[in-house]
Structure formats: structure tokens, C-alpha cells
Amino acid sequence: VQQARLAADLHKYANGSLWLEFFYEEQLAAVRAAFATPGVVDDEAVLAQVKKAVMSNGWSDAFNQSLVDLLRLAHQHSISIHALDSPEWSL
């Protein structure tokens, strides 16, 4: 529910920053690199890899898909993405 509400309002924060839990900076760097290329094939491949990696959070597939959808939506609104988590704090 919160992700759906955020997704609906995300356009209000165009050109801002979005800090995300459950992702690591290395994962988001790969997402940013994929988004920087003109094609979308690599975008989808990287997003699938990130979703697979984030599944370890123990949340539902729908919740994790909403997180990945937020990455895509943030890109559409030129919102920079950043990780709140780091491997050393997640162990």
C-alpha cells in the first residue's frame, strides 16, 4: 500500500532523490548504468537481477516487485536512486 501511494506521488519529486531500503549501492549502480544506456533490454535484465537479489528480504513477491517498479518510475521522473543499506550493516 505504501509503495503504491509513493508511486502515485513520485512525479511530485521529479529531479529529486529516492533512498531505498533492501538495496545495496552496488546493485543500484548497475541499475543506474543500465538506465544510462539508450536501450531497455539491459534495463530489464538488470532489474530482474536486482529483484532476484532483493528476494532475500523475506517479503512477498508483490512487495519486491513494487520496489523494482519504484526504480523504474524514479528513472522516468529523473529521480536519483540511493541505497540506505550496506552489506556490513545487513549481516
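Not measured: the values here are computed from a predicted model.
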Subject >> Distance, nearest 0.5 Å, that separates CG of L70 from CD of Q65 >> reply: 10.0 Å
Original post:
Are any of the side-chain heavy atoms of L73 and L6 separated by less than 4.5 Å?
Top reply: no
**OP:** State, to 0.1 Å, how close L71 and L47 come at their nearest heavy-atom pair, and which atoms those are.
**Re:** CD1-CD2, 4.0 Å
Original post:
At what distance, to the nearest 0.5 angstrom, does NE2 of H75 lie from CG of D43?
Top reply: 6.0 Å
**OP:** Under the salt bridge (charged side-chain N to carboxylate O under 4.0 Å, His left out) rule, collect the residues that match up with D69, sequence neighbours excluded.
**Re:** R72
Subject >> Pair listing, salt bridge (charged side-chain N to carboxylate O under 4.0 Å, His left out) test, anchored in residues 53-64, at least two apart >> reply: K51-D61
Subject >> Min side-chain heavy-atom separation L20-L84 under 4.5 Å >> reply: no
Original post:
Are the side chain of Q27 and the backbone N or O of Y24 linked by a donor-acceptor pair below 3.5 Å?
Top reply: yes
Subject >> Check: Y13 and L18 side chains under 4.5 Å, non-hydrogen atoms >> reply: no
Table please: side-chain donor-acceptor pairs of residues 28-36 below 3.5 Å, with sequence neighbours left out.
{"residue": "R32", "atom": "NH1", "partner": "E25", "partner atom": "OE2", "Å": "3.2"}
{"residue": "R32", "atom": "NH1", "partner": "I81", "partner atom": "O", "Å": "2.6"}
{"residue": "R32", "atom": "NH2", "partner": "E25", "partner atom": "OE2", "Å": "2.3"}

**OP:** Would you mind reporting whether W59 and V54 have side-chain heavy atoms less than 4.5 Å apart?
**Re:** no
Original post:
Taking only residues two or more places apart in sequence, or in another chain, which ones meet K52 in a salt bridge (charged side-chain N to carboxylate O under 4.0 Å, His left out)?
Top reply: none
Original post:
For H82, what residues pass the side-chain hydrogen bond (donor to acceptor under 3.5 Å, both in side chains) criterion, not counting sequence neighbours?
Top reply: S80
**OP:** Would you please name every residue forming a side chain to side chain contact (heavy atoms under 4.5 Å, CB included) with A48, sequence neighbours left out?
**Re:** none
**OP:** Taking side chain to side chain contact (heavy atoms under 4.5 Å, CB included) as the test, write out the residues that go with S60, two or more places apart.
**Re:** A62, F63
**OP:** Report the residues that fulfil side-chain hydrogen bond (donor to acceptor under 3.5 Å, both in side chains) with N64, sequence neighbours left out, ordered by chain and then residue number.
**Re:** N57
**OP:** Return the set of residues passing side-chain hydrogen bond (donor to acceptor under 3.5 Å, both in side chains) with T37 (not counting sequence neighbours), or none when no residue passes.
**Re:** D42
